[in-house]
Amino acid sequence: MEKLLSSARSSHSTVPERFHLPPELRPPALAAAPVSLPVIDLTRGRDEVRSAVLRAGKEFGFFQVINHGVPERALRELEAACVDFFRLPAADKASLYSEDTDRTNRLFSSTMYESGAGESYWRDCLRLACHPVELTKPGWPEKPATLRPALEDFIVPARSVGMELLRLLCEGVGLRPDYFEGDLSGGEVIVNANHYPPCPDPGLTLGLPPHCDRNLITVLLQPGYVCGLQVSYGGGWIDVEPVPGALVVNFGHQLEIATNGLLRSVEHRAVANAAVARTSVAAFIMPTMDCVVAPAKELVGEGSPARYRSIAFRDFMRVYKTVGARRESVEKAFRI
Ligand code: OGA
Ligand code: NI
């Protein structure tokens, strides 16, 4: 359990050597570029929302949504419950801690990829299968008592937001609105509660290395008061600015494959912060493991040949684990 950053007896005074990234991977001293991700109000007219989502998705692969239908109270309660979870005494978290990458519900620290190899990152993570709620809920931590109800009140409407955005994106790119219903979105919803404790020297390490998400679409709750998530844009990084009450949305590799590259999965990373802890909650909507994900026939034709191989999601995950999460290596493995 000493491995958990959040269980350290006192706050960290130095960054242990194992967290020091090679210089080329460290966050540059320069501030993030002054570009803002679009913040889209989902209560605007459907045509307006559809084109805003498509425009933002094509340009950034990321956007924020407000007035999305997940009650503000549900967001606040989930954030508080996750913060309380990481504050629990080590003994209350010990049985959840596991470095077994085949175990779905587990608490782990400092690694990014399933292999657990490579550099160490300034993050603790509680990972839980959350869909369908009735089946997965018994596997969620019992402490703090607020966690289970808060997760349930978040995950059900947050998944609906993701599904509604997929329908709008379908309409935008010329697919039938229910294209992603069924197996393409019917797998697990994995939730990562990420906790980044204050870091004595954020210039030496990262909370999460640059990576793309491997799922279909991600809906993320981040605190409304502290930066940390950065998105690759124009050769640099831009901050995902904290917007209280907003949800951050980004595309995973499966959406990129299915849309034949019209909507791209964009690299992002989390930088550590010297002053305050940051706790985020990412919900990953995934295909079923047996689902064969392929470029949609409607989007392939003369002038736009299939750019990705068809592959069962299970096999994608297996290959992904070996090539790592950098966009370049994933592209090399799955592009035609
Ligand atoms: C992730 C992720 C970003 C964050 O969990 O895949 O990108 O802000 N998280 O914690
Ligand atoms: Ni991510």
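Quick caveat, the model's predicted, so the values are computed rather than measured. Order of appearance sets the numbers: ligands from 1, and atoms from 1 within every ligand.
At a 4.0 Å heavy-atom cut-off, ligand 1 does not touch Ala270 at all. Only the side chain of Asp213 comes within 4.0 Å of ligand 1, counting heavy atoms alone; its backbone N, CA, C and O stay farther away. At a 4.0 Å heavy-atom cut-off, ligand 1 touches Leu208 through the side chain alone.
The Ni ion (ligand 2) is the vertex of the angle joining OD1 of Asp213 and NE2 of His211, which measures 100° to the nearest 10°.
Closest to atom 6 (O) of ligand 1, if we only count protein heavy atoms, is His211 NE2, 3.1 Å. Looking from atom 5 (O) of ligand 1 to the surrounding protein, the closest heavy atom is Asn194 ND2, 3.2 Å.
Using a 4.0 Å cut-off between charged nitrogen and carboxylate oxygen, Glu256 and Arg335 do not count as a salt-bridge pair. The pair Glu331-Arg327 counts as a salt bridge, with a side-chain nitrogen and a carboxylate oxygen less than 4.0 angstrom apart. Looking at Arg73 and Glu77, a side-chain N of the basic residue comes within less than 4.0 Å of a carboxylate O on the acidic one, giving a salt bridge. Note on Glu171 versus Arg46: salt bridge recorded, some NZ/NE/NH1/NH2 to OD/OE distance being below 4.0 Å.
Relative ring orientation between His268 and Phe62 is described as perpendicular, the plane-to-plane angle rising above 60° on a 0-90° scale split at 30° and 60°.
Geometrically, ligand 1 and Arg123 share no nitrogen or oxygen pair separated by less than 3.5 Å.
Ring pair Tyr233/Phe60: centre-to-centre distance below 6.0 Å. In this structure, Phe19 has its ring center no closer than 6.0 Å to that of Tyr121.
Contact between Arg278 and ligand 1 is present, with at least one heavy atom of the residue lying under 4.0 Å from the ligand. Using a non-hydrogen distance threshold of 4.0 Å, His268 registers as a contact of ligand 1.
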Under the salt bridge (Lys or Arg N to Asp or Glu O under 4.0 Å) rule, what do Arg76 and Glu79 come out as? Steps first, then yes or no, please. CA-CA 5 Å; Arg76 279 201 312 268; Glu79 190 181 328; over 6 Å; no
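Among the backbone and side-chain atoms of Cys212, no N/O/S atom is found under 2.8 Å from the Ni ion (ligand 2).
Near Phe284, with a cut-off below 4.0 Å to any heavy atom, the atoms of ligand 1 are 1 (C), 5 (O), 6 (O).
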